[in-house]
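Just so we're clear, the structure is a prediction, and the values are computed from it rather than from any experiment. The residues of the chain are indexed from 1 along the displayed sequence.
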Amino acid sequence: MDNQFIFKYSWETLPKKWVKKIEKSEHGNRSDTNTDYPFKLLCFLKLHTYTRFQVLIDICGVDYPSRKRRFEVVYNLLSTRYNSRIRVQTCADEVTRISPVVSLFPSAGRWEREVWDMFGVSSINHPDLRRILTDYGFEGHPLRKDFPLSGYVEVRYDDPEKRVVSEPIEMTQEFRYFDFASPWEQRNGNEG
């Protein structure tokens, strides 16, 4: 069985409301699903005889601020039985919560925590949804495109106090408007 067969079989077998789109390539297949169906789709892909995607490689997030549902959650799966890969993608926004897949793939707990910590995409009834890569007192989600580059607080070691101090960041310069037009170019339509 190859990617071509798994692609065709999945498209013919899966309920159409679960899958918005399936694309194939020589490296693996890609499936886009609605926010309500990633658990059902992943359950089918893991347990069905002709798919057997039993290894969850990772879960990652992507931020597209211009979209209505700005976050994309991507599940990368591997079928060792059929030597095939598939990428399942779903979209969410700040208030939409995705269904956790930790009961299906135990390794998903860590990846779902990371997606929540970095992007703020939370899972419904996750057994252990807490920060994993940032401090517990950290404010915001650092991989969002609207997160400030300098962050909200400065953490530094204070030598006289002999401890780490967190202070709010004070910007030393005000917002400036940069005009990138060259002063040597003529701005009107009269070129002589």
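To the nearest 0.5 angstrom, D36 atom CG is 12.0 Å from I98 atom CD1. Between L133 atom CG and D117 atom CG the span is 5.5 Å, to the nearest 0.5 Å. We find the CE-OG1 distance between M118 and T134 to be 5.0 Å, quoted to the nearest 0.5 Å. Going from atom CZ of F105 over to atom CD of E112 covers 11.0 Å, rounded to the nearest 0.5 Å. Atoms CD and NZ, on Q54 and K46 in that order, are 6.5 Å from each other to the nearest 0.5 Å. Atom SG of C91 and atom CZ of R70 lie 12.5 Å apart (nearest 0.5 Å).
Counted within 6.0 Å of CG on N125, heavy atoms from surrounding residues, nucleotides or ligands total 12 or fewer; the atom is thus considered open. The number of heavy-atom neighbours closer than 6.0 Å to CD of E139, taken from other residues, nucleotides and ligands shown, is 12 or below.
Judged purely by atom type and a 3.5 angstrom limit, K40 has no side-chain atom pairing as donor or acceptor with the backbone of W18. With hydrogens and angles ignored, the 3.5 Å screen pairs no side-chain donor or acceptor of S84 with any backbone N or O of S79. In this structure, N76 contributes its side chain and I57 its backbone to no donor-acceptor pair below 3.5 Å. Although no hydrogens or angles enter the test, the distance criterion places a donor-acceptor pair under 3.5 Å between the side chain of R144 and the main chain of F119. A donor-acceptor pair is defined here as one N or O able to donate and one able to accept, closer than 3.5 Å; such a pair exists between the side chain of R113 and the backbone of R131.
Between H126 and D128, the shortest heavy-atom distance links the atoms ND1-N, 3.0 Å. Closest of all the heavy-atom pairs between P100 and F39 is O-CD1, 3.5 Å. Residues Y82 and T49 share a closest heavy-atom pair of OH-O, 2.7 Å.
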**Item:** side-chain contact (heavy atoms from CB on, under 4.5 Å) between V19 and T33, worked out
**Value:** CA-CA 5 Å; V19 180; T33 183; 5.6 Å; no
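In terms of hydrophobic clustering, with Ile, Leu, Val, Met, Phe, Trp and Tyr side chains grouped at heavy-atom distances under 4.5 Å, L129 and I124 are assigned to different clusters. Linking ILVMFWY residues whenever their side-chain heavy atoms come closer than 4.5 Å, directly or via other members, leaves W116 and F138 in distinct clusters. Residues L78 and L41 do not share a hydrophobic cluster, clusters being chains of Ile/Leu/Val/Met/Phe/Trp/Tyr side chains in contact below 4.5 Å. L104 and V115 fall within a single hydrophobic cluster, where Ile, Leu, Val, Met, Phe, Trp and Tyr are joined by side-chain heavy atoms under 4.5 Å apart, directly or via other members. Neither V102 nor L77 shares a network with the other; the hydrophobic side chains, linked directly or stepwise wherever heavy atoms of I, L, V, M, F, W or Y lie under 4.5 Å apart, form separate groups for each.
With contacts defined as side-chain heavy-atom distances shorter than 4.5 Å, the pair Y75/Q89 does not qualify. A heavy-atom distance below 4.5 Å is found between the side chains of V101 and I59. Side-chain contact between E94 and F71 is present, with at least one heavy-atom pair separated by less than 4.5 Å. Side chains of L143 and D63 form no contact here, defined as non-hydrogen atoms less than 4.5 Å apart.
Every pair passing salt bridge (Lys or Arg N to Asp or Glu O under 4.0 Å) that includes a residue from residues 96-110 is listed here, sequence neighbours excluded: R110-E114.
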